[in-house]
Every structure is written in C-alpha cells, then in structure tokens.
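Throughout, numbering of the chain's residues begins at 1 and tracks the sequence. Order of appearance sets the numbers: ligands from 1, and atoms from 1 within every ligand.
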Amino acid sequence: MKFIPYGRQHISYSDINAVKKALKNNLITNGKAVSNFEKKVSNYLKCKYVSTCNSGTSALFLALLSINVKKNDKIVMPSINFISSYNICKTLGAKVYLADVDEHTGQMTPTTLDQCIKKYKLKKVKAIIPMYNGGLPANAENYLYFKKRLKSYIIEDACHALGSSYLYKKKFFKIGSCRHSDISTFSLHPLKTITTGEGGLVTTNDLKLDKKIKMLRSLGIKRNSNIHWNYDVVIKGFNFRLNDFQSALGISQLNQIEKFLKKRKKIANFYDKYLSKITNIKTQKRSQIYKSANHLYIINFKNFNKYKKNKFIKYMKKNGVTVQFHYIPIYKFSIFKGNLKLKNSEKYYNTAISLPIFYDLKINEQKYILNLIKRFFKVYK
Ligand SMILES: Cc1ncc(COP(=O)(O)O)c(C=O)c1O
C-alpha cells in the first residue's frame, strides 16, 4: 500500500538545475541570487520591501524585533496557532493574550479579538498577530481598525498564505502586500506554497522597518565604507540569512507558483464537491472576498469529540493516509502557565482535521481518500 502524506514539496528539473547553477557561482551566500529573489517576491506581492531569511520562525523573530517588542509589552494572537510567534514573544518577555477563534476556520476574528481586548481590559497593545490558518486570509483588511484603537502594529503570520489574496474596494490585494498591515511573514518550509528547503520572508512597506530587519538578520552589522574590514555593529542581531542556492530555488519555485496554486484549488474544489454531500462533515465556506492559497484542506466533523477524532486519525493511518491537525490550542501546552479554556478553540480542537493536499496528489489518491472517509462513517456510525 502506498503511503499518502498530508503535504509534500514539488521539485522539478528546473529547480534542480537552478540550484546546481547557483552552486557554481563564486558566492554561494550573500550573493546576487538573494537580492534577485527578494525583487521577484516584491514584484509578485506588490510590496515595497522584502527580506529573505532562513525560516518562518526567523521571519516572525525579525518582525517582532524590528518593532522592538520588549519585556511586558502586550501581544494578542489566536489560541489556535503554530507555536513560533508565542515562543518568540515569551522569549522577549512580552505578555501574550490568546484570543478565541472561529470554530470552523480556527482563525481569530474581529469579534473574538474584541472579546479578548475587553476580557483583559487592554488599552495599548504592542502587536496583534493574526494567523491565516490554512491560507484563508479572512478579515485581512479588518485589523487596521484595531491598530488605531490599540496603537498597535499588525504583524501577519502569513506562513500559510503565500499566494492568498483578498478583495478590497473592488481590487484584489495579495497577502504580503501589507496594504492593511505593518509586516507580513511567510515560511518557505517544504510543505508551503513554494519552498527553499527551509526559509522565510518578511515583507513591509516601511523603509525604516526594512532597514532594521535586514540589519537584524545579519548580526546587526552596518557597513559604512568600502573598506571590507571596516564595519560597525549597531544593533544586537543574528545570522538568519537565506543562502544563494536556496534563493535560486526560491526564484525557480516562484516561477511555478500559479501552477501550484491552481492544482491546490482544483483538489480543494474536488474535495468540496464530494464532502459537502456527507452529512457528518462541514466543509469550509468558500468566499469571493478571501481567496485561499489552500495550504491546508480543513474539514470539521459534526458532533465529534477528541475520542472520535483520534479514531478517525488512526483509521486513516491504518489505511495509508496521514491526516493532520492544525493546531492544538496553545493553552494546552506545558509551557503555557495559566488556566485557560476557550469555547470555540475547544470546538475546533475536537472537530477539525486537515486532509492531504499537495501538487503531486493524484486524482486516484484523492478518490481513495474520499472513499475511505465515506467508509469510516459507515463502519463507525
Ligand atoms: C502559522 C505558522 N507560523 C510559523 C511557522 C514557522 O515556520 P518555519 O517552520 O518555516 O519556521 C509555521 C510553520 O509551519 C506556521 O505554520
């Protein structure tokens, strides 16, 4: 039996050739490929400034350092989340407030954000970090209101959302254009829309932030003369750089992004059509305003609990299919000190599952997955 993962990269011959070529250059790091990749991303997203870095986690780290997050600063983020942003904020000594989510998308909404603000009586917040779970850029244009209200930055954790876009005043804006945020961050991990092996992107329209981000990713070094040994260190930075052969892979992958997005959409539509007929399942609502990159294909089981969900995961695994869950509420982890339980996060935790979706997923594999699900509901009524 063939094993079907829930996601995987697609590497073409042109990708391999691009990397090979880059490896033959004199500079394999700090060379031209890095800035070429950044220019290409900037054109694609229509954002002024782009910085590559070595992971989505580094991208978030750079974003939060660039706005100077420090001890006791207040940060709001959704409870259903990848752990990167939480870990970074806590490392910097910030106070993190977890907002509840929509029970179907697993995303924070203006309503759950408002509830969180009221519950903790927040007046001034350093940053709000929406996370576009699965790639759906829900409410992307609606966080600016909170920026003004709480004098905060909006940092989008868009690690799932490269290629996602939203309609605003009759025009589509790509996530990462930063039309309604200060900074967007992306991951280029193999399971994401495009990959550089490991990698990340930080985008902004603010020149000051961009300069700081670029300095922070390269040890805080400022070169102010043409004498190669002469430099100053003006800020405490790190080595978060993406190298040239990764950037060459990024360029080659970005050349194929429309093909990747089209295939993901095709699979999502196929799943939607079939699964919407199964009464025990609720598929995600499709929107004309928010176009997802379909990084994940999330479904919600009706009347499920953790026990039934685990049974489903085991059943799929036994039949060669890995399904995943994105994500366990942060407040359930040992590192979370406190007592928190959020109603919709619990519902989402009990009912949501991500099915396999990736460029090379064959039609017969999609059918196989769908038939397995159908059979599950016959066997385990
Ligand atoms: C929502 C989200 N944020 C941040 C990250 C971190 O990205 P990376 O794995 O590239 O460090 C991920 C990675 O999966 C993610 O899904």
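Numbered from 1 in the order shown, with element, the atoms of ligand 1 that lie under 4.0 Å from a heavy atom of H160 read 1 (C), 15 (C), 16 (O). Numbered from 1 in the order shown, with element, the atoms of ligand 1 that lie under 4.0 Å from a heavy atom of S55 read 10 (O), 11 (O). Remark: ligand 1 atoms within the under-4.0 Å shell around heavy atoms of G56 are 6 (C), 7 (O), 8 (P), 10 (O), 11 (O).
Aromatic pair F333/Y327: centroids not less than 6.0 angstrom apart. Ring-centre distance between F61 and F238: below the 6.0 Å cut-off.
Nearest to atom 13 (C) of ligand 1 among the protein's heavy atoms is K192 NZ, 3.3 Å. Atom 12 (C) of ligand 1 has F82 CD2, 3.3 Å as its closest protein atom, hydrogens excluded (heavy atom only). Of all protein heavy atoms, the one closest to atom 4 (C) of ligand 1 is C159 SG, 3.3 Å. Among protein heavy atoms, atom 11 (O) of ligand 1 sits closest to T57 OG1, 2.6 Å.
In this structure, R179 satisfies the cation-pi test against F173, with its NZ or CZ atom closer than 6.0 Å to the six-membered ring centre and inside 45 degrees of the ring normal. Because its NZ or CZ atom is both nearer than 6.0 Å to the ring centre of Y153 and within 45° of the ring axis, K147 counts as a cation-pi partner of that residue.
Partners of Y274 according to the side-chain hydrogen bond (donor to acceptor under 3.5 Å, both in side chains) rule, which considers only residues two or more places apart in sequence or in another chain, are N371. Under the side-chain hydrogen bond (donor to acceptor under 3.5 Å, both in side chains) criterion, Q107 pairs with no residue at all, not counting sequence neighbours.
For the ligand labelled ligand 1, residue Y327 lies inside the 4.0 Å heavy-atom shell. Heavy atoms of G200 stay at 4.0 angstrom or farther from ligand 1. Not a single heavy atom of H326 lies less than 4.0 angstrom from ligand 1.
Each of F82, Y132, Y6 was checked for a ring pair (Phe, Tyr, Trp, His ring centres under 6.0 Å) with H326, and the lone residue meeting it is Y6.
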- How far apart are the C-alpha atoms of Q284 and T105, what are their side-chain angles, what is the distance that settles it, and do they pass the side-chain contact (heavy atoms from CB on, under 4.5 Å) test? CA-CA 7 Å; Q284 298 278 312; T105 62; 3.6 Å; yes
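Here's the thing with H189: none of its N/O atoms is less than 3.5 angstrom from an N/O atom of ligand 1. Where the criterion is an N or O separation shorter than 3.5 Å, residue side chain and backbone included, S187 meets it with respect to ligand 1.
Of all the listed residues (D157, T195, N81), D157 holds the heavy atom that lies closest to atom 1 (C) of ligand 1.
The backbone N or O of K347 sits nowhere less than 3.5 Å from a side-chain atom of E103 that would complete a donor-acceptor pair.
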